[in-house]
*Asks:* 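My questions all concern the structure below.
Only this structure's heavy atoms are used, side chains among them; waters, hydrogens and symmetry mates stay out.
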Amino acid sequence: PYFGVVFRDLGVDTVEMANSVIRLMNASGKRPVVSPDERCCGHDLYWTGDTGTFKKLARANLKMVRDTGATTVVFACPECYAMFKLVYPRHFGPLGFEVAHVTEFLAPYAAKGKLAFNERALKATYQDPCRLGRYLGVYDAPRELLAAVPELDVREMPRARAEAVCCGSSGWVGCTRINKS
């Protein structure tokens, strides 16, 4: 909901985006559980140097997930996914559950015809998020999902994949080697 306020002047409905992820997972035959205790992953705290508060938040997140008994956690947010995949294990050891980005999770269902999309006679493009692309090397899964949408004309940006323009990350903390831990 926080980002709904931040991006409202752009017409971006982040709650509807989250609901869309749930609908896609339901269409694949999965019934995800969303915890009412879900919190921020701590990305901004970590990347701006507040490691103490980050660790406190991360411990609460790990406890919440572990208490559910979940075996897989699926993320729609690239930053959250990168934090759980790369940063959390570095600070807290093995997670005890798998993590996946929603595009990685759903692409196999689309490839096997187990996830059908409505026809969309539109032109679209895809911006590779820094954390998902450059950090985790996830480039194909989002494109595979887009390719599964009938009649969708997907156009690559001039700078895509590893050469994509930095999204600015949160708080405009860039993804340059200066900012990497």
Side-chain angles (χ1 to χ4, degrees), residues 1-36 38 40-41 43-44 65 68 70-86 97-176:
Y2 166 77
F3 288 109
V5 174
V6 172
F7 295 119
R8 75 173 161 236
D9 62 321
L10 299 176
V12 176
D13 185 344
T14 56
V15 173
E16 179 53 31
M17 290 165 52
N19 288 334
S20 294
V21 169
I22 299 294
R23 283 193 295 276
L24 284 168
M25 291 187 73
N26 287 338
S28 75
K30 300 297 178 187
R31 300 289 178 252
V33 175
V34 179
S35 172
E38 184 176 331
C40 173
C41 67
H43 175 275
D44 293 2
V65 172
T68 69
T71 57
T72 305
V73 178
V74 178
F75 297 90
C77 173
E79 283 83 9
C80 293
Y81 177 45
M83 291 298 289
F84 271 78
K85 179 110 177 152
L86 301 175
F97 51 86
E98 298 296 318
V99 295
H101 188 262
V102 67
T103 59
E104 293 174 306
F105 187 83
L106 293 174
Y109 291 95
K112 295 175 187 172
K114 295 182 179 182
L115 182 61
F117 296 98
N118 294 330
E119 187 174 298
R120 304 296 294 184
L122 300 170
K123 292 179 184 174
T125 192
Y126 174 74
Q127 165 68 34
D128 290 283
C130 300
R131 300 290 186 251
L132 190 61
R134 285 191 280 276
Y135 273 66
L136 296 169
V138 178
Y139 295 109
D140 295 331
R143 288 167 172 82
E144 290 166 10
L145 280 177
L146 290 170
V149 178
E151 299 298 316
L152 184 64
D153 180 10
V154 181
R155 311 261 176 115
E156 282 288 353
M157 291 186 179
R159 291 181 57 190
R161 297 181 176 262
E163 300 302 318
V165 175
C166 177
C167 61
S169 190
S170 298
W172 298 105
V173 176
C175 297
T176 65

*Asks:* Please report the closest heavy-atom contact between Tyr139 and Ala162, naming both atoms and the distance.
*Replies:*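 Closest approach of Tyr139 to Ala162: OH-CA, 3.3 Å.
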*Asks:* Less than 4.5 Å apart, any side-chain heavy atom of Val33 and any of Thr68?
*Replies:* no
*Asks:* Walk me through whether Arg120 and Glu151 qualify under side chain to side chain contact (heavy atoms under 4.5 Å, CB included).
*Replies:* CA-CA 5 Å; Arg120 304 296 294 184; Glu151 299 298 316; 5.9 Å; no
*Asks:* Quick check: does any side chain N or O of Thr125 sit under 3.5 Å from a backbone N or O of Arg155, one acting as donor and the other as acceptor?
*Replies:* yes
*Asks:* Is there a side-chain contact between Thr72 and Val99 in this structure, where contact means two heavy atoms from C-beta onward sitting under 4.5 Å apart?
*Replies:*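 Counting from C-beta outward, Thr72 and Val99 never come under 4.5 Å.
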*Asks:* Apply side chain to side chain contact (heavy atoms under 4.5 Å, CB included) to the pair Leu132 and Glu79, showing each step before the final yes or no.
*Replies:* CA-CA 7 Å; Leu132 190 61; Glu79 283 83 9; over 6 Å; no
*Asks:* Check whether any side-chain heavy atom of Leu145 sits under 4.5 Å from a side-chain heavy atom of Phe117, and report yes or no.
*Replies:* yes
*Asks:* Report, as yes or no, whether the 6.0 Å neighbourhood of atom CG on Asp9 holds more than 12 heavy atoms from other residues, nucleotides or ligands.
*Replies:* yes
*Asks:* Heavy atoms, side chains only, cut-off 4.5 Å: are Phe97 and Thr71 in contact?
*Replies:*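 When only atoms from C-beta onward are counted, Thr71 and Phe97 do not touch, as no gap falls below 4.5 Å.
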*Asks:* Mind listing the closest non-hydrogen atom pair of Ala76 and Pro78 along with its distance?
*Replies:* O-CD, 3.4 Å
*Asks:* Would you say that Lys85 contacts Phe75 through its side chain, given a criterion of any heavy-atom pair below 4.5 Å between the two side chains?
*Replies:* no
*Asks:* Just verifying a value: how many Å separate Lys30 NZ and Leu106 CG, rounded to the nearest 0.5 Å?
*Replies:*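 Output value for this atom pair is 10.5 Å.
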*Asks:* Minimum heavy-atom separation for Asn118 to Val149, with atom names?
*Replies:* O-CG1, 3.6 Å
*Asks:* Apply side chain to side chain contact (heavy atoms under 4.5 Å, CB included) to the pair Met17 and Val21, showing each step before the final yes or no.
*Replies:* CA-CA 6 Å; Met17 290 165 52; Val21 169; 6.0 Å; no
*Asks:* Would one find more than 12 heavy atoms of other residues, nucleotides or ligands at under 6.0 Å from atom CD of Glu98?
*Replies:* no
*Asks:* For the atom pair CE (Met83) and OH (Tyr135), what is the distance rounded to the nearest 0.5 Å?
*Replies:* 10.5 Å
*Asks:* Rounded to the nearest 0.5 Å, what's the gap from CG on Asn19 to OG1 on Thr14? Could you check?
*Replies:*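 Atom-to-atom, Asn19:CG and Thr14:OG1 are 10.0 Å apart.
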*Asks:* Evaluate the side-chain proximity of Asp153 to Leu122: yes if any heavy-atom separation is below 4.5 Å, no if none is.
*Replies:*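 Heavy-atom side-chain distance check fails, nothing below 4.5 Å.
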*Asks:* Could you please spell out the steps behind the salt bridge (charged side-chain N to carboxylate O under 4.0 Å, His left out) verdict for Asp140 and Arg161?
*Replies:* CA-CA 9 Å; Asp140 295 331; Arg161 297 181 176 262; 2.9 Å; yes
*Asks:* Measuring from atom SG of Cys77 to atom CZ of Arg131, what distance do you get when rounded to the nearest 0.5 angstrom?
*Replies:* 10.0 Å
*Asks:* Is the shortest side-chain heavy-atom distance between Arg143 and Tyr126 below 4.5 Å?
*Replies:*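 Yes, side chains in contact.
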*Asks:* What is the minimum heavy-atom distance between Cys41 and Phe84, and which atoms define it?
*Replies:* CB-CE1, 4.2 Å
*Asks:* Under the 3.5 angstrom rule, does the side chain of Glu16 hit a backbone N or O of Asp13 as a donor-acceptor pair?
*Replies:* no
*Asks:* Work out which heavy atom in Ser28 is nearest to a heavy atom in Leu115; give both atom names and the distance.
*Replies:* N-CD1, 3.8 Å
*Asks:* Would you say that Arg134 contacts Asp128 through its side chain, given a criterion of any heavy-atom pair below 4.5 Å between the two side chains?
*Replies:* no
*Asks:* Please list, chain by chain and in numerical order, all residues satisfying side chain to side chain contact (heavy atoms under 4.5 Å, CB included) with Arg159, sequence neighbours excluded.
*Replies:*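 Per chain and number, Arg159 pairs via side chain to side chain contact (heavy atoms under 4.5 Å, CB included) with Val165.
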